[in-house]
Amino acid sequence: MNDSHVAALADRENQRFAETHPASAALRARARASMPHGYPMSWFHGLNAQGAPFAVSGAGPHFTDADGLRYLDFNLADMSLFCGFAPPAVAAAVAERTARGWQFLLPTEDAIWVAEELGRRYGRPRWQFTLAATTANVEAMRLARVATGRPIVVMFDGRYHGHADEMLFAPGSGGLVAEYLGVDPGAAHRVRIVPFNDPEALQAALAAGDVACVVTEPAMTNAGVIQPAPGFHDALRRLTRDTGTLLVIDETHTQVCGPGGLTREWGLEPDLVTLGESAAGGLPFGAYGMTAALAAVFERPDPDDPHAEIAAGGTLFANALSMAAARAALGTVLNDDAYARTAVLGARLADGIESAAADAGLPWRAHRLFPRSGYAHDGNLPANAEEARCGFRRDVADLQRVYFANRGVWEAIYSAGPCVGVAHADADVDEYLNVLSKFVHELTA
Ligand SMILES: Cc1ncc(COP(=O)(O)O)c(C=O)c1O
């Protein structure tokens, strides 16, 4: 597998994609007049040099694009569609809710049901709602700052917790560097980034006693998959407790691992849990759960000022439609059986990836995180983001995405790796693996 062979295959596949997607190309050309990069979510262009299909409809694990082509989806809108496209129970609840009004700026009973259900699942009794996981994390951090009276947030290298300024820094040679233009460099003073799985670095970052909270995914999912080393979560909880630092576990992606995400699966004890996306079947939804002690701070952030309030909320937060969708998704689709079944399918996928790669003489390893898999091209499952970056070939992943798209299998995000959802069956995993088998043999030919 040499670089020029990868580049030649990419040229061939990009060309084929362009030839078979004239309707999507025409829509993109039209969109360029009204949207930067020709996408309503501009960041998408960096993932789709060859152009992305414009979507028309979806059902189960499939969607259809503007050219009438059908795809078996293994990215599931970055796992936000873990319930599948248009799951009937969520579609019915949404239709029923829209017929009766979807926004009141008043609470609906569904919100109580959802908060109670999330409390039961995640073991954190009090909840607030947003429209996205980003904002759930922003508000969780604010609450942590108020509760501790400290300014700093610690996160792990390789993290993605959303698009707020303080979440968009990475370690550089002379300190933290903003990953994008437009991010306020001043926000770096409120952030520390340390390697995952490194209790000593974490201890050093917390030592000054100025950290409000550590925010982390239980297993990192945005730089491939980085599993916690044995004992890391114990060390994380001990060090945060010892230094009076709060622990925020972001379950936005990992909620697909079990009814209470990895928090419940692994018996973690966060002060705050944040999530979003798939808990409402992919409708706009974010939530954060807190302990009773933190809820008391939330309600009375300043004991001397009965009118003081934490900055939280938005006009559409906890709207009736999001709440109805979350109730239907959690109450009907996301049951114990769904998590058990998708974990088995995820293992079938990971096994299949490793055996297809081995058949072609490639050393690749597959990530294994319940329904989610992914690729470690150098054959080493990473312990931190640096290892993940070194072991992953972006050019191969980009080629694989367009190769798969040309054969009816969709993976939207190069760094994500495939994930099965509730609507997938054994035959869908086998279809993915058949395409993979052809791919790796062409790659090594
Ligand atoms: C772990 C994690 N947290 C938060 C977010 C932000 O979610 P959203 O884009 O819904 O705000 C993401 C998005 O992928 C994520 O992966």
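Counting convention: from 1, in listed order, for ligands and their atoms alike. Values in this document were obtained by computation on a predicted structure and should not be read as measured data.
Near His253, with a cut-off below 4.0 Å to any heavy atom, the atoms of ligand 1 are 14 (O), 16 (O). Taking a cut-off of under 4.0 Å to the non-hydrogen atoms of Glu217, the atoms of ligand 1 that pass are 1 (C). Ligand 1 places these atoms under 4.0 Å from at least one heavy atom of Glu277: 7 (O), 8 (P), 9 (O), 10 (O), 13 (C). Within ligand 1, counting atoms from 1 as listed, the ones closer than 4.0 Å to a heavy atom of Asp78 are 14 (O).
Proximity of Thr221 to ligand 1, defined as any heavy-atom pair under 4.0 Å, is not found for any part of the residue. With a 4.0 Å heavy-atom cut-off, ligand 1 is reached by no atom of His163.
When all heavy atoms of Thr108 and Met323 are compared, the closest pair comes out as OG1-CB, 4.2 Å. Between Val422 and Val333, the shortest heavy-atom contact is CG1-CG1, 4.0 Å.
Put simply, the side chain of Arg372 never gets that close to the backbone of Val256: no donor and acceptor are under 3.5 Å apart.
For atom 15 (C) of ligand 1, the closest heavy atom belonging to the protein is Tyr160 O, 3.6 Å.
You'll find the side chain of Leu69 reaches within 4.5 Å of the side chain of Tyr71, heavy atoms only. Contact of the Ile193 side chain with the Arg159 side chain is registered, since non-hydrogen atoms from C-beta on lie closer than 4.5 Å. The side-chain heavy atoms of Cys257 and Leu369, taken from C-beta on, include a pair separated by under 4.5 Å.
Atom 3 (N) of ligand 1 has its nearest heavy-atom neighbour, among Asp250, Asn137, Asn222, Thr130, in Asp250.
Residue Thr134 has at least one nitrogen or oxygen atom sitting less than 3.5 Å from a nitrogen or oxygen atom of ligand 1, judged on distance alone.
Both tests hold for Arg407 against Tyr403: distance to the six-membered ring centre under 6.0 Å, angle to the ring axis within 45°.
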